[in-house]
Amino acid sequence: MPSLPPELFDLYSARHIPESHTWASSYLYDHPIAAADFVPTIDISRPDAASLIGAACRCWGMFLATGHRVPAALLGSVESQTRRLFSLPLHRKLRAASHPGSISGYGRPPLSSFFPKLMWSEGFTLAGDPTDIVSNLWPGDHSLFCEVMEEYKREMKDLAGRLMGIMLQSLGLAQEEMGRIGPMRELQRAFEVLQLNSYPACPDPERAMGMAAHTDSGLFTVLHQSAGAAGLQVLREEAEDGDGSGPTRWVAVQPLPEALVVNVGDLFHILSNGRFRSAKHRAVVGPVDHRVSVAYFVGPPGDVKVEPVRALVDPIRGPVYRPVTWPEYLGIRARVFDQALVAVRSPESPKPPPFTESLK
Ligand SMILES: C=C1C[C@]23C[C@@]1(O)CC[C@H]2[C@@]12CCC[C@@](C)(C(=O)O1)[C@H]2[C@@H]3C(=O)O
Ligand SMILES: O=C(O)CCC(=O)C(=O)O
Ligand SMILES: [Fe+2]
């Protein structure tokens with residue numbers, strides 16, 4: 001019998017991990033795992049949320065948001081519809097396979113092409129109306145999935161607007177300045193993507209990778225992860241003086257059932273002129289749990305440039321980054337992956353900004 005290509009290996013019934021999915025320890029253990037460190041948990045409805053969020057975005061590029069007002073029942077439905085999708089047989093999921101040149105569908109996310117091994121996960125990307133993509137999966141029975149995901153996107157858009165306002169406020173920007181910032185002004189037309197991720201239990205988790213280390217490219221990402229199943233890790237650099245020379249460790253992000261993970265993406269890093277760090281993160285797998293996560297990526301519409309906010313630009317050093325649209329930036333990432341922020345540094349900026357690029 002001819003053997004299946006490694007991409008079609010069935011992760012759900014595996015008793016061993018094949019060579020195609022076995023990662024070298026140089027990827028898995030590139031930095032030590034922190035023994036006891038915790039990503040800040042912030043109640044975003046608190047009156048002093050902005051200063052806490054500002055500190056978290058500068059030091060971690062990530063925080064756990066509680067008080068977000070997204071109904072728990074909706075989060076439960078999103079998770080169960082995600083599990084329902086991934087529990088379909090492979091040949092059914094392949095009916096919704098993503099095609100070259102289109103973002104949506106079942107398949108490997110773009111970052112996978114930068115790594116020699118396959119990740120222990122499946123992904124499903126939803127951009128725009130999910131109906132066309134999923135009608136092939138459940139002929140005549142896809143409406144609940146679509147309704148849940150559409151409702152979730154509405155909640156996420158509302159939350160993204162609130163987060164964007166608080167994050168800009170934490171950078172010291174007044175209301176009228178915010179209105180002049182392209183991505184804030186164009187929030188109603190924002191480009192949104194839902195990425196559903198499935199990490200089946202793995203027979204040899206010490207040698208497999210759920211999702212390889214990366215930063216997200218949008219403004220920020222809001223991630224809902226299965227309660228109780230850990231897996232997400234964020235790279236934390238202990239640089240007291242912000243010069244990027246301190247020890248760097250992977251910190252496990254605690255899976256708090258009521259919290260959503262918010263991580264700064266490359267476009268906010270650019271907007272903040274490097275004050276906020278775009279968080280490098282990855283997902284590891286475990287031996288027992290089947291973990292799922294749902295990431296909401298948000299960024300400005302394709303015709304809107306993102307550039308350092310003028311009030312945050314040092315008059316002597318100038319803007320650290322040049323203006324760039326999200327599609328342009330995705331194109332750069334498709335070529336240089338984790339060097340994309342370096343590639344969009346403005347020609348006048350002689351020195352890397354404090355913190356982040358040293359994390360790459
Ligand atoms: C808008 C997008 C963000 C994303 C690339 C994409 O076109 C759709 C998938 C997204 C995702 C999900 C997994 C991690 C990631 C780095 C990847 O390879 O695909 C992100 C991309 C991103 O943030 O650039
Ligand atoms: O599943 C996770 O915890 C991380 C997913 C992620 O980083 C992504 O979808 O970009
Ligand atoms: Fe990510």
Side-chain angles (χ1 to χ4, degrees), residues 39 61-62 64 78-79 82 86 98-115 118-128 133 153 190-200 209-235 250-256 259-270 278-286 289-302 306 324-341 344 360:
V39 175
M62 183 181 273
L64 296 179
V78 167
E79 179 166 343
T82 300
F86 285 113
S98 52
H99 297 294
S102 88
I103 295 183
S104 293
Y106 174 74
R108 295 198 279 146
L111 91 162
S112 64
S113 64
F114 292 93
F115 297 91
L118 295 170
M119 304 189 290
W120 198 265
S121 58
E122 290 186 297
F124 200 98
T125 310
L126 292 167
I133 313 148
K153 276 209 297 194
F191 186 64
E192 314 163 281
V193 176
L194 279 183
Q195 171 75 18
L196 318 184
N197 300 304
S198 167
Y199 306 93
M209 178 74 87
M211 190 173 295
H214 65 279
T215 58
D216 295 337
S217 67
L219 286 167
F220 52 82
T221 305
V222 181
L223 184 98
H224 168 51
Q225 50 176 341
S226 334
L232 178 61
Q233 297 181 342
V234 61
L235 202 62
W250 287 109
V251 176
V253 180
Q254 57 280 29
L256 264 191
L260 292 165
V261 182
V262 180
N263 62 273
V264 175
D266 290 355
L267 293 186
F268 215 114
H269 180 119
I270 294 171
S278 110
K280 194 166 193 178
H281 56 284
R282 67 179 188 177
V284 297
V285 289
D289 292 315
H290 171 198
R291 174 173 180 267
V292 296
S293 72
V294 177
Y296 170 83
F297 300 92
V298 64
V306 177
V324 66
T325 65
W326 196 4
E328 227 182 293
Y329 191 72
L330 282 170
I332 296 169
R333 271 178 60 120
R335 277 183 278 115
V336 300
F337 187 47
D338 61 357
Q339 293 304 303
L341 273 179
V344 297
K360 303 280 187 287

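Side-chain atoms are counted along with the backbone in the values below, which use heavy atoms only and exclude waters and symmetry mates. Atoms within each ligand, like the ligands themselves, are counted from 1 in listed order.
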Non-hydrogen atom of His214 closer than 4.0 Å to ligand 2:
yes

Distance under 4.0 Å to a non-hydrogen atom of Gln195: what atoms of ligand 2 satisfy this?
9 (O)

Counting from 1, what ligand 1 atoms have a heavy atom of Trp326 closer than 4.0 Å?
1 (C)

At under 4.0 Å between heavy atoms, what of Val253 touches ligand 2? The answer is neither

Specify the protein heavy atom at minimum distance from atom 16 (C) of ligand 1: its residue, its atom name, and the distance to 0.1 Å.
Arg333 NH2, 3.4 Å

How long is the span from the CG atom in Leu232 to the CG atom in Asn197, to the nearest 0.5 Å?
10.5 Å

Would you name the N/O/S atom of Asp216 that lies closest to the Fe ion (ligand 3)?
OD1

Is Thr221 touching ligand 2 with its side chain, its backbone, both, or neither, if touching means heavy atoms under 4.0 Å apart?
neither

Would you say the side chains of Asp266 and Thr215 form a donor-acceptor pair under 3.5 Å?
yes

Of all protein heavy atoms, the one nearest atom 20 (C) of ligand 1 is Phe297 CZ, 4.0 Å

What's the shortest heavy-atom distance between Ser278 and Leu341, and which atoms?
OG-CD1, 4.4 Å

Counting N and O atoms only, with roles assigned by atom type, does the side chain of His214 sit under 3.5 Å from a partner on the main chain of Arg282, one being a donor and the other an acceptor?
no

Considering only protein heavy atoms, which is closest to atom 24 (O) of ligand 1, and at what distance to one decimal place?
Ser217 OG, 2.7 Å

Side chain of Trp120, backbone of Pro200: donor and acceptor closer than 3.5 Å?
yes

Could you pull out the atom name of the N/O/S atom in His214 that is nearest the Fe ion (ligand 3)?
NE2

Which atom names give the shortest non-hydrogen contact between Ser121 and Gly210, and what distance separates them?
OG-O, 2.8 Å

Distance in Å, Met62 CE paired with Leu223 CG, rounded so as to fall on 0.5 Å steps
8.0 Å

Shortest protein heavy-atom distance from atom 5 (C) of ligand 1, along with the residue and atom involved
Pro110 CG, 4.1 Å

Compare every heavy atom of Ala340 with every heavy atom of Tyr329, then report the nearest pair and how far apart it is.
OH-CB, 3.4 Å

Hey, which atoms in ligand 2 end up nearer than 4.0 Å to a heavy atom of Leu223?
3 (O), 5 (C)

Enumerated ligand 1 atoms positioned under 4.0 Å from heavy atoms of Pro109:
13 (C), 17 (C), 18 (O), 19 (O)

Proximal atoms of ligand 2 relative to Ala295 (non-hydrogen, under 4.0 Å):
9 (O)

For the student: nearest non-hydrogen atoms of Ile133 and Ala127, plus distance:
CD1-O, 4.4 Å

Working to the nearest 0.5 Å, report the span between CZ of Phe268 and CG of Leu219.
6.5 Å

Answer with side chain, backbone, both or neither: which part of Ile103 has a heavy atom less than 4.0 angstrom from an atom of ligand 1?
side chain

Residue part near ligand 1, for Leu330, under 4.0 Å between non-hydrogen atoms:
side chain

Please could you name the atoms of ligand 2 that Ser293 approaches to less than 4.0 Å, counting only its heavy atoms?
1 (O), 2 (C)

Per-atom contacts of ligand 1 with Asp216, taking only distances under 4.0 Å to non-hydrogen atoms:
23 (O)

Which atom of Phe297 lies closest to which atom of Thr221, heavy atoms considered:
CD2-OG1, 3.4 Å

Got the closest protein heavy atom to atom 4 (C) of ligand 2, with its distance?
Tyr199 OH, 3.7 Å

Ranked by distance from atom 18 (O) of ligand 1, the top protein heavy atom is Leu111 N, 2.8 Å

Hey, which atoms in ligand 1 end up nearer than 4.0 Å to a heavy atom of Gln195?
9 (C), 12 (C)

Do me a favour and list the nearest non-hydrogen protein atom to atom 5 (C) of ligand 2 with residue, atom name and distance?
Asn197 ND2, 3.4 Å

Which option wins on minimum heavy-atom distance to atom 3 (O) of ligand 2: Met211, Gln225, Arg291, His281?
Arg291

What do we get for Val193 next to ligand 1 when only non-hydrogen atoms under 4.0 Å count, side chain, backbone, both or neither?
side chain

Please write down residue, atom name and distance for the protein heavy atom closest to atom 14 (C) of ligand 1.
His214 NE2, 3.7 Å

Is the backbone N or O of Ser98 less than 3.5 Å from a side-chain atom of Ser102, with the two atoms forming a donor-acceptor pair by type?
no

Subset of ligand 2 atoms that lie under 4.0 Å from at least one heavy atom of Leu232:
3 (O), 4 (C)

Could you check whether any side-chain N or O of Gln254 sits under 3.5 Å from a backbone N or O of Val39, counting only pairs where one atom can act as donor and the other as acceptor?
yes

Distance check, rounded to the nearest 0.5 Å: Leu196 atom CG versus His224 atom NE2?
11.0 Å

Any donor-acceptor pair under 3.5 Å from Lys153 side chain to Gly128 backbone:
yes

